[in-house]
Protein chains: 2
Amino acid sequence: MTGIEEVARAAGVSTATVSRALSGRGRLSEATRARVRAAAADLGYVVSAAASTLASGRAENIGVIVPLLDRWFFATVLDGIAAQLAPRGYDMTLYNLTDDPSQRRGLFDTSLRRRRVDGVIVLSVVLTPEERRQLAELPVPVVGLGVPHAEIAGLRVDDTEVGRRATAHLLELGHRDIVHLGWVTPDGVDDGLDIPTRRRRGFVQAMAGAGIRAPRIADAGLTVDEARRRARELLTGPEAPTAIFAASDEMAYGVLSAARELGIDVPGSLSVVGVDGHDLAELFDLTTIEQFPHAQGERAGQAILAELGVDGVTAPAASLPFELVVRGSTAPRT
Amino acid sequence: MTGIEEVARAAGVSTATVSRALSGRGRLSEATRARVRAAAADLGYVVSAAASTLASGRAENIGVIVPLLDRWFFATVLDGIAAQLAPRGYDMTLYNLTDDPSQRRGLFDTSLRRRRVDGVIVLSVVLTPEERRQLAELPVPVVGLGVPHAEIAGLRVDDTEVGRRATAHLLELGHRDIVHLGWVTPDGVDDGLDIPTRRRRGFVQAMAGAGIRAPRIADAGLTVDEARRRARELLTGPEAPTAIFAASDEMAYGVLSAARELGIDVPGSLSVVGVDGHDLAELFDLTTIEQFPHAQGERAGQAILAELGVDGVTAPAASLPFELVVRGSTAPRT
DNA sequence: CTGAAAGCGCTTACAG
DNA sequence: CTGAAAGCGCTTACAG
């Protein structure tokens with residue numbers, strides 16, 4: 001492969017000048033810069049990442065710690081991150097966080113510490129205290145997105161407000177027998193920083209505001225299937241609700257599916273609202289709180305670039321937007 | 001950060017020995033190896049990726065070129081790849097291929113040529129001849145997964161057989177008025193190597209086997225929405241089919257949705273079969289050809305590791321398995 | 001504005 | 001089995 005020496009020779013300058021011309025760092029006359037760039041393009045020269053990183057300390061690479069890579073939400077967030085990083089020449093290295101303790105140890109003890117990345121984005125995962133400590137000790141900035149730990153700074157949707165908003169929508173439609181179907185608060189999160197707890201809290205607050213104390217809350221796993229099972233119980237039990245606020249769109253699909261099986265008309269006899277703005281929500285005609293995961297990813301990308309002092313990137317607001325999208329799965333109580 | 005010198009001093013050996021002990025390359029007495037490893041663990045020493053890569057030429061990193069990061073299928077494949085790479089200490093750097101020509105040029109001219117990766121996995125994307133040439137010229141192995149170009153070796157599902165199998169299922173149920181709803185063959189693919197063409201071909205072959213010449217074929221975009229629109233036309237037009245073979249599950253959802261809107265009973269009056277084994281196929285009770293995307297990713301990971309000569313990894317078979325999963329969206333013709 | 005040279009932190013052929 | 005030393009290919013403080 002062509003090296004920097006050949007480019008220097010072709011352009012009639014030193015390797016130092018080639019480096020400066022190509023990286024854009026340091027002052028250089030426009031003429032020299034242009035000549036060097038032309039020579040490099042000519043020869044098809046590209047700077048070796050390893051050599052450049054070793055000499056400069058900059059890797060131009062961002063690590064992203066992501067749980068459950070195959071969930072739609074995270075894939076969309078990743079796409080948003082990539083959209084911010086790529087145009088600035090940053091690569092994105094993925095670290096999939098599983099439940100396997102030895103895999104996790106490998107990630108925190110080794111992979112992240114190889115100095116391969118200039119910064120880390122952590123997508124809503126629950127970390128052990130030890131893992132948080134290791135993250136904090138990394139010599140690079142860390143940005144969280146929906147991470148339920150106070151010590152990891154980052155971006156966050158106001159999920160309490162999300163819960164309130166979804167519930168308010170149902171209350172405005174005249175519903176009173178509303179059940180919130182959430183998912184279980186994971187172990188080890190900081191008090192009230194995890195998403196299910198906050199959505200639940202918003203629900204409770206909104207219901208209280210409408211004079212309803214001790215509203216009904218149910219839990220299920222964060223999957224279509226478990227939500228379907230739980231919804232079946234709720235809808236066939238005594239005092240079937242007239243509305244269900246599901247904590248995610250995929251859980252809402254489970255509710256819709258259970259209703260269909262039981263012959264319960266949506267929205268005639270049951271209103272359903274979800275959260276996420278999932279890909280297929282429109283297909284299901286599901287009312288939901290859209291939370292723009294692509295834009296969340298873009299902001300996370302901006303946040304880490306801003307921390308790195310990349311030119312022209314300013315830190316985005318820490319609070320992420322959301323929006324109620326009313327579709328056909330909710331209707332006035334009859 | 002701790003360097004290799006400190007570890008050498010702590011263990012009472014040279015840096016060469018530390019390197020050998022930690023990498024596992026070269027002969028070394030067990031005692032020395034253990035002593036060095038203990039010292040390294042003690043000091044929390046981790047080899048610098050940049051220095052190691054520069055000196056050895058090995059990056060322990062695989063690049064993955066992926067289209068449309070937010071589609072479920074590719075996210076699942078990625079998860080499979082990661083599952084193979086991580087345990088062997090390989091990182092995975094994502095290169096999102098968009099339609100933007102300047103972004104693509106940046107990827108092929110620069111990003112991939114920085115010698116940051118030891119190998120590249122390309123997930124079913126359509127490449128220009130120039131891009132293919134650049135890929136072939138990379139000094140690292142390239143493995144394709146469903147790539148529609150003959151010069152990129154790789155893994156592939158026998159999509160002709162997939163089309164035949166899906167169609168055969170409908171024929172066995174007694175259907176004759178079957179429409180295949182596929183997506184448009186992209187420009188620039190090698191003849192008959194792209195997925196939609198092969199599924200279509202399998203459909204035509206199976207129909208011909210049943211004595212049906214010139215069977216009906218429709219095209220739509222590869223999305224729920226476009227499929228829904230197209231299905232609406234098919235189902236309200238003259239000679240509405242009794243069965244539709246959709247070329248993807250997401251397209252099949254569009255068909256189901258159109259049928260629901262039109263009050264057409266599935267599977268009573270219309271049978272629908274898809275392809276993919278999508279996440280939500282069970283929820284929709286959709287008969288489909290499951291093609292195990294997670295396993296596809298694992299195989300692609302194995303394939304690239306095998307090319308790199310990683311210990312204990314053997315090249316998987318190039319032909320990927322699939323399986324008809326019969327659910328409630330198909331039934332005998334009435 | 002530009003160059004000579006040291007140095008980034010490892011790996012590995014060579015020698016013993 | 002182990003070490004001394006060259007070298008991987010850049011970047012950047014220093015000097016001019």
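Chain identifiers are assigned alphabetically (A, B, ...) following the order of the sequence lines, protein sequences preceding nucleic acid strands; residue numbering begins at 1 within each chain.
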Closest to the B:Val13 side chain, choosing from D:dG3, D:dT2, D:dC10: D:dG3
Once you round it to whole Å, what is the distance between P of C:dG3 and CD1 of A:Ile4? 12 Å
Quick check for you: among C:dT2, D:dG9, C:dT12, whose closest atom lies nearest to any side-chain atom of A:Thr32? C:dT2
Which nucleotide, C:dG9, C:dT12, D:dT12, lies nearest any side-chain atom of B:Ser19? C:dT12
Does A:Arg115 contact C:dG9 through a side-chain donor or acceptor facing the base, at a distance under 3.5 Å? no
Picking from C:dT11, C:dG9, C:dT2, the nucleotide nearest the side-chain atoms of B:Leu54 would be C:dG9
Could you state the atom-to-atom distance from CD of A:Glu30 to C1' of C:dT2 in whole Å? 15 Å
Of B:Ala55 and B:Ser14, the one whose closest DNA chain D nucleotide lies more 5': B:Ser14
For A:Arg116 and C:dG9, give me the distance from atom CZ to atom P, rounded to whole Å. 17 Å
Do the side chain of B:Glu131 and the main chain of B:Thr128 share a donor and acceptor less than 3.5 angstrom apart? yes
Hunt down the Watson-Crick or G-U wobble partner of C:dA13, both distances under 3.5 Å, from any strand shown, or write none. none
Which residue in the set A:Leu43, A:Val46, A:Asp42 passes side-chain contact (heavy atoms from CB on, under 4.5 Å) when paired with A:Thr2? A:Leu43
Which atom of A:Leu127 lies closest to which atom of A:Ile152, heavy atoms considered: CD1-CD1, 3.7 Å
Whole-Å distance separating the CD atom of B:Glu5 from the C1' atom of C:dG7: 13 Å
Looking only at atom P, what distance separates C:dC1 and C:dA5, rounded to whole Å? 23 Å
By nearest heavy atom, map B:Arg35 and B:Ser56 onto DNA chain D; which one lands nearer the 5' end? B:Arg35
In whole Å, I'd like the distance from the CZ atom of A:Arg58 to the P atom of D:dT11. 8 Å
Between A:Thr17 and C:dG3, does any side-chain N or O lie under 4.0 Å from OP1 or OP2? yes
For A:Ser52 and D:dT11, is the shortest distance between a side-chain N/O and OP1 or OP2 below 4.0 Å? yes
Test side chain to side chain donor-acceptor pair (under 3.5 Å) on B:Thr93 and B:Asn61; report intermediate values, then the result. CA-CA 7 Å; B:Thr93 295; B:Asn61 190 20; 2.9 Å; yes
Does D:dC10 have its OP1 or OP2 closer than 4.0 Å to a side-chain nitrogen or oxygen of B:Arg114? no
How do B:Arg20 and B:Tyr45 order along DNA chain C: which one's closest nucleotide is nearer the 5' end? B:Tyr45
Check this one for me: any side-chain N or O of A:Thr15 less than 4.0 Å away from OP1 or OP2 of D:dG9? no
What is the distance, to the nearest angstrom, from the CG atom on B:Leu22 to the P atom on C:dT11? 8 Å
Report which part of the nucleic acid A:Val18 touches: base, sugar-phosphate, or nothing (heavy-atom distance under 4.0 Å, all strands). nothing
If pairing requires Watson-Crick or G-U wobble contacts with both distances under 3.5 Å, which nucleotide is the partner of C:dA4? none
Kindly point out which of D:dG9, C:dT12, D:dA13 is positioned nearest to the side chain of B:Arg25? C:dT12
Without swapping roles, check the side chain of B:Arg132 against the backbone of B:Glu151 for a donor-acceptor pair under 3.5 Å. no
Of the nucleotides D:dT2, C:dC1, D:dG9, which one has an atom closest to the side chain of A:Ser48? D:dG9
Donor-acceptor pair, distance only, cut-off 3.5 Å: does the side chain of B:Ser56 make one with the backbone of B:Ser52? yes
